[in-house]
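What follows is one structure encoded as structure tokens, with my remarks underneath.
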Amino acid sequence: MPAPLKFRTARGEVVSLERVPASRLKNAPGAIVDQAAAGRPVVITRHDAPRAVILSFEDFEGLARASDPALGHLEARFDELLADMQKPEAKRAVRKALDATPEALGRAAVAAARKPRKARRAG
């Protein structure tokens, strides 16, 4: 049996693509489309060979954006991050982290891991 194909969805989840024979797509197209629209993309096979992929429009948009990266946007974002790292408060935070004991770093890591994902990104 071939190795499962994996795909990172627009929401960042890594999912295995279900293999669906073309005959099943012919007999139940709505169910297959609904599955893909729900974030579970499928590989359509013919004689066990992959022929096509059906995925949500959201995932398609993510792939389309990824294949045409806006380098200017990435450069601008890099410049913003670099400028933020040069601020006095950022420099103090780096110095504090470098001077911290292993125990203090461990406590900080545990505290950060317990925060909800959105709170970690914002902070």
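Contacts of S23 classified as side-chain contact (heavy atoms from CB on, under 4.5 Å), with partners at least two apart in sequence or in another chain: P21. Every residue meeting the side-chain contact (heavy atoms from CB on, under 4.5 Å) condition with L5, not counting sequence neighbours, appears here in chain and number order: L17, R19, V43. With sequence neighbours excluded, the residues that form a salt bridge (Lys or Arg N to Asp or Glu O under 4.0 Å) with R77 are E80. In this structure A31 satisfies the side-chain contact (heavy atoms from CB on, under 4.5 Å) test together with A28, sequence neighbours excluded. Contacts of T45 classified as side chain to side chain donor-acceptor pair (under 3.5 Å), with partners at least two apart in sequence or in another chain: none. With sequence neighbours excluded, the residues forming a side chain to side chain donor-acceptor pair (under 3.5 Å) with S16 are K6, listed by chain and number.
Smallest separation of non-hydrogen atoms from L55 and P41: CB-CB, 3.9 Å. Heavy-atom minimum distance, A97 versus L105: O-CD2, 3.9 Å.
Between D59 and F57, the closest side-chain pair of non-hydrogen atoms is not below 4.5 Å. L63 is listed as a side-chain neighbour of F7, based on a closest heavy-atom distance under 4.5 Å.
Residue pairs that meet the salt bridge (charged side-chain N to carboxylate O under 4.0 Å, His left out) test with at least one member in residues 23-48, sequence neighbours left out, are E18-R24. Applying the side chain to side chain donor-acceptor pair (under 3.5 Å) rule to pairs touching residues 84-93 yields D84-K87, sequence neighbours excluded.
With side-chain heavy atoms closer than 4.5 Å counting as contact, directly or through intermediates, the hydrophobic cluster containing I32 also holds V20, L25, V42, I44, I54. Cluster partners of L81, using a side-chain heavy-atom cutoff of under 4.5 Å among ILVMFWY residues and allowing indirect links: none. In this structure, L82 shares a hydrophobic cluster with F78, M85, the cluster being traced through Ile, Leu, Val, Met, Phe, Trp and Tyr side chains under 4.5 angstrom apart.
Within 6.0 Å of CZ on R51 lie no more than 12 heavy atoms contributed by other residues, nucleotides or ligands.
Separation of atoms CZ (R11) and OG (S56) is listed at 5.5 Å; rounding is to 0.5 Å.
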